[in-house]
Amino acid sequence: MIQKKICMVGAFATGKTSLVERFVKSIYSNIYHTTVGVKIDKKLVKFGEQELNLILWDIHGEDEFQKVRMSYLRGSSGYFLVVDGSRRYTLETAFSLQQRVEDAIGEVPFILILNKADLIDESEIDDAAMAELSQKNWTVIKGSAKTGLGVEEAFGTLAKKMLEA
Amino acid sequence: MLNLPIPVRDYIDNLTVDTLSPAYLLAKKDGRLSNWGGKWSVYGITNLQQEKYVAEQLFFLEGLLPLDEVPIFLPCIKIKDEIFADVHLFSGDEGDWVLLLDATLEEKQRSLMQQKGNDLSLLRKKQAKVLNQYFSKNDPEDLAKDMLDLELKGERKDITILFADIRGFTAYSENNPPDIVFKTLNLYLLTIIQPILEEAGMVDKIIGDAVMGLFGVLASTGSAQTHAVKAALKMIEAIKNINTQQSNNSSALDIGIGIASGPVALGIIDSKNGKTFSAIGYHVNFAVSLENQASSSEIIIDVNTFNKIDNMQEYFLPTTFLDEGTQEPKKIYSYLVK
């Protein structure tokens with residue numbers, strides 16, 4: 001069976017763990033538990049006859065004191081850049097992380113998830129930010145670990161990209 | 001090379017085995033398992049099979065093997081429920097070695113600290129966001145970078161509470177059009193808030209024309225009481241500067257300030273609208289009472305504050321305050337800034 005490693009990277013409290021829990025266990029908790037180090041999970045997905053075992057590395061969030069170690073990314077076939085749509089600066093963190101990840105492991109498929117899309121009134125991703133994103137020509141998916149919006153789509157899209165890569 | 005006596009080496013070996021629960025495996029360069037040993041059961045792994053691919057047996061190794069010459073260190077990897085390991089990978093003549101050392105305790109300790117730091121960092125950002133919205137300004141928290149120091153579940157803590165109120169603003173608001181009233185209010189409030197942030201305080205509440213600041217919640221150097229009094233002096237100075245710059249001095253406003261120190265209950269209240277920070281207790285109410293008694297450009301402080309402000313004590317004169325429901329007047333201190 002094919003196994004592929006996917007990493008979740010982003011600023012702290014952007015919802016990386018919640019996205020994995022929503023995708024793997026279909027659960028969501030409103031309580032924020034910080035991740036120290038890495039939590040690893042797996043999920044088997046099927047594309048027609050083809051089975052793919054996704055190994056999900058939920059890596060601790062980046063903050064001003066703690067940078068993400070690029071050694072965690074080694075061997076990744078793809079990654080998610082997770083952004084908290086209600087905190088604009090987490091988009092800047094994602095931009096910086098993407099560059100560092102690419103420097104470390106080269107060009108592999110990735111998707112930027114604008115998480116917490118359910119917090120419509122608190123969104124800080126304005127037109128300027130969206131324009132900046134569209135210039136980069138990245139795959140961007142609006143998601144919500146809370147409601148499940150975009151979660152299956154994001155993991156499915158990245159899985160396909162990895163298989164095609 | 002350290003020339004350690006055998007008993008010392010043995011002791012260190014035993015200590016490592018006891019506390020770090022080492023478990024190792026040797027993978028061939030084709031990724032198949034060659035050999036293994038140590039305390040794999042601690043990590044919930046009991047069924048390793050020789051010649052089977054390592055990454056199929058231990059999925060956290062997917063993509064990591066074979067190694068090039070450079071060793072890899074992966075700290076704090078969750079191996080199974082509540083069990084964390086530092087994973088070390090390095091090459092040898094026979095293949096690639098994978099070594100697990102228990103990091104569960106370290107993860108727990110780091111987790112507690114990081115949780116606290118992250119929660120409170122989020123709170124501060126939220127506070128800044130509220131202020132941004134209030135003043136339509138980009139980043140009023142520049143000068144208060146330190147993290148909060150507060151237990152998430154709430155705690156009783158000695159802090160200093162400052163209340164500042166714009167004197168005569170009600171009358172001003174009745175004699176001026178609403179747009180002028182709010183423009184003036186914003187100008188004065190922003191002027192009051194900045195010294196709180198500069199002195200490592202937290203803006204806890206803005207209630208109409210009054211501001212409540214907390215000192216000793218955010219980490220800082222120096223005493224909370226000194227920071228609070230310094231903030232109060234800066235506020236009065238800044239307000240005087242505004243009044244000097246105002247072309248029409250008839251609209252000049254002033255502030256009165258009350259400061260009290262002592263234990264209060266600090267906590268984070270969760271509601272459907274999100275988390276909010278709250279300080280509750282006698283000393284919060286006392287600070288309000290002192291502010292009510294203060295006249296324009298006057299700072300009134302309680303004994304607890306006075307006792308901790310060192311050489312600033314010389315500015316203050318003793319006076320008394322009669323608290324509601326108590327017979328004995330309380331000693332307080334006043335400084336009327338000229």
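Throughout, a chain's letter reflects where its sequence line sits, starting with A, and its residues are numbered from 1. Below, each value reflects all heavy atoms present in this structure, side chains not excepted, and no hydrogens, waters or symmetry copies.
Using a distance-only test at 3.5 Å, with no hydrogens or angles considered, no donor-acceptor pair links the side chain of A:Arg100 to the main chain of A:Arg69.
Interface remark: of the candidates B:Glu107, B:Glu56, B:Glu106, B:Glu107 forms the most heavy-atom pairs closer than 4.5 Å to chain A.
Residue contact with chain B, scored on non-hydrogen atoms closer than 4.5 Å, involves the backbone and the side chain of A:Tyr72 alike. For a residue to count as touching a neighbouring chain, one of its non-hydrogen atoms must lie under 4.5 Å from one of that chain's; by this rule A:Ser77 does not touch chain B. If you measure heavy-atom distances from A:Asn53 to chain B, you find no contacts under 4.5 Å at all.
Under the 6.0 Å distance and 45° angle rule, A:Lys16 does not count as a cation-pi partner of A:Phe80. In this structure, A:Lys39 forms no cation-pi arrangement with A:Trp57, as its terminal cationic atom is not both closer than 6.0 Å to the ring centre and no more than 45° off the ring axis.
More than 12 heavy atoms of other residues, nucleotides or ligands lie within 6.0 Å of NZ in B:Lys29, so this atom counts as buried by the packing criterion.
Of all residues in residues 59-89 of chain B, those placing a non-hydrogen atom less than 4.5 angstrom from a non-hydrogen atom of chain A are B:Phe59, B:Phe60, B:Glu62, B:Gly63, B:Leu64, B:Pro66, B:Leu67, B:Asp68, B:Ile72, B:Phe73, B:Leu74, B:Pro75, B:Cys76, B:Ile77, B:Lys78, B:Phe84.
Between B:Arg32 and B:Asp30, at least one side-chain nitrogen of the basic residue sits less than 4.0 Å from a carboxylate oxygen of the acidic one, meeting the salt-bridge criterion.
In terms of heavy-atom proximity, A:Leu52 sits nearest to A:Ala159 at CD2-CB, 3.9 Å.
When side chains are defined from C-beta on, A:Leu158 does not count as touching A:Tyr79, because their heavy atoms never get closer than 4.5 Å.
A side chain to side chain contact (heavy atoms under 4.5 Å, CB included) with A:Leu97 is found for one member of A:Leu81, A:Ile59, A:Leu73 and no other, namely A:Leu81.
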